[in-house]
Amino acid sequence: MRAAPSQDEVRRQNLGALLRYVHVHGPISRAELTTRLGLNRSTIGALTADLTAAGLVREEAPRGARRAGRPSLVVLPESGRVYAYALSIEVDRLRAARVGLGGEVLDERVYDRPRDLRVSEVVGPLSAFVKEMQHAAPEGGRYVGVGVAVAGMVRRHDGLVRLTPKAGWVDEPLSEPLAEALGGDHTVKVGNHANLALMAEHLRGVAVDTEDVIYLHGEVGIGAGIIAHGTLITGHGGYAGEVGHMIVHPGGRTCSSCGARGCWESEIGEEALLRALGTDGSGRIPAHQLIAAMRGDPGSHEALRQIGEWLGLGVANLVNIFNPEMVIFGGTLRNLYLTTAAQVRSRLNSLALPASRELLRLRTPKLGEDAALIGAAELAFTQLLADPLG
Ligand SMILES: [Zn+2]
């Protein structure tokens with residue numbers, strides 16, 4: 001039999017629950033917190049006092065309070081003072097942000113990168129960004145950690161980067177060299193781009209209150225984050241969601257990333273878009289600008305429709321397997337979907353089972369390009385939220 005939790009454990013759990021609530025939902029009155037967390041007023045008062053003393057939240061009188069009597073104080077996260085650094089390693093860009101408790105992006109940097117950078121060559125600019133932002137941050141702030149989003153396969157238990165498209169990283173440690181370059185004793189946690197973007201959209205974006213959702217991320221390749229019945233599907237090693245290598249066209253083109261024939265990303269990824277534009281100039285037009293280039297080129301409109309058909313076909317397969325209530329199109333797939341929504345819908349209607357698609361909503365990210373950065377910051381906040389005073 002499991003022993004009952006000690007008083008300390010209960011207090012730690014309650015502190016975490018309160019801080020997490022404020023982090024996710026923003027300013028909220030003490031009275032509302034008692035209802036939401038199912039704790040009594042004096043407990044909420046004591047927990048809030050502890051979190052305030054630790055500099056994690058603050059309390060204010062509610063704005064525009066006119067009712068008679070003493071209004072319930074509003075509890076807010078100390079967004080400007082407690083923050084994480086979020087990094088995003090993309091095929092054509094490196095991005096970095098300072099993200100406050102509460103999920104607000106406080107500062108951001110972008111670097112257009114060459115594609116062939118090695119791990120040791122991205123660590124330098126990323127750590128320089130962090131130091132620059134740290135320098136610009138207000139004094140007395142508290143930095144809780146670093147989260148990194150990588151467009152590639154990331155091992156679940158230690159963040160080892162198993163494979164990235166184009167840059168060709170294979171089995172590269174990333175958190176250790178970054179931690180070393182940053183100095184100090186900060187933990188650096190690494191996650192997959194699509195999973196982290198999904199986590200952010202599920203927590204604060206378009207997928208709040210959805211339990212079954214797929215986030216498709218397109219860049220050079222195609223990946224997915226999948227939440228089924230409220231749980232992120234990671235797979236055994238952390239590599240679930242490599243939907244770009246789902247075979248949709250047996251005997252089709254050889255996939256330059258995995259070597260199989262007929263992968264979905266060979267039909268809707270960067271190479272397909274470049275083929276349609278009649279160029280093999282990989283990297284000359286950044287991945288995130290390709291759809292705009294195709295829209296501006298009447299000669300590639302028919303090809304764009306075809307690519308939309310392939311997009312719809314792959315989504316239909318996923319809908320039959322997972323029966324999601326929402327599919328989100330992120331990265332390059334956002335513009336591809338918006339341009340070819342008619343083809344995607346028509347493929348879904350003809351290929352997905354009616355029962356599996358009947359309540360399906362197709363959406364684009366609410367957090368836009370910041371989704372993966374905000375998700376990476378969530379990785380860095382995990383420890384603080386589990387044990388706020390630890
Ligand atoms: Zn493949």
Side-chain angles (χ1 to χ4, degrees), residues 89-92 115-116 149-156 160-172 191-198 214-226 233-277 279-283 285-288 290-291 294 303-304 306-322 327-334 336-337 340 343-344 347 351 372:
I89 299 176
E90 301 162 22
V91 177
D92 294 312
R115 289 194 168 182
D116 55 358
V150 182
M153 298 173 78
V154 177
R155 188 157 71 190
R156 182 152 63 117
L160 183 79
V161 179
R162 301 299 306 274
L163 184 70
T164 63
K166 291 294 168 190
W169 297 356
V170 177
D171 293 345
E172 295 278 2
N192 165 273
H193 209 283
N195 284 346
L196 295 177
L198 171 60
I214 298 178
Y215 182 102
L216 293 171
H217 179 75
E219 207 186 353
V220 165
I222 306 294
I226 300 163
I233 304 291
T234 60
H236 181 60
Y239 317 125
E242 287 297 327
V243 297
H245 303 290
M246 168 169 73
I247 308 296
V248 296
H249 191 184
R253 291 170 191 278
T254 302
C255 172
S256 66
S257 178
C258 78
R261 285 170 76 106
C263 289
W264 195 26
E265 72 178 43
S266 300
E267 301 297 342
I268 65 168
E270 182 187 51
E271 283 179 20
L273 303 182
L274 288 170
R275 258 196 329 270
L277 271 170
T279 165
D280 62 353
S282 169
I285 305 173
H288 56 280
L290 273 171
I291 299 292
M294 288 181 78
L304 202 47
Q306 295 265 317
I307 294 171
E309 303 261 337
W310 284 114
L311 177 61
L313 182 146
V315 173
N317 281 335
L318 296 174
V319 166
N320 283 344
I321 298 168
F322 293 101
V327 173
I328 307 170
F329 297 87
T332 56
L333 294 183
R334 177 185 182 278
L336 178 60
Y337 164 67
T340 63
Q343 284 75 34
V344 173
R347 282 305 222 175
L351 299 175

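Order of appearance sets the numbers: ligands from 1, and atoms from 1 within every ligand. When a residue number appears, it is its place in the shown sequence, counting from 1.
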(message) If we ignore hydrogens and angles and just use 3.5 Å, is the side chain of E265 paired with the main-chain N or O of I222 as donor and acceptor?
(response) yes
(request) Determine the sole option in I268, V344, L351 for which the side chain to side chain contact (heavy atoms under 4.5 Å, CB included) test with L313 is passed. (result) L351
(message) For a 4.5 angstrom cut-off between non-hydrogen side-chain atoms, does L304 reach L336?
(response) yes
(request) Calculate, to the nearest 0.5 Å, the distance between atoms CG and OG belonging to L163 and S257 respectively. (result) 5.5 Å
(request) Taking the side chain as every heavy atom from C-beta outward, state whether V315 and Y337 have any pair of such atoms under 4.5 Å apart. (result) no
(message) Enumerate the side chain to side chain donor-acceptor pair (under 3.5 Å) contacts for residues 236-254, please, sequence neighbours excluded, ordered by first and then second residue.
(response) R162-Y239, H249-E267
(request) State the count of protein N/O/S atoms located less than 2.8 Å away from the Zn ion (ligand 1). (result) 4
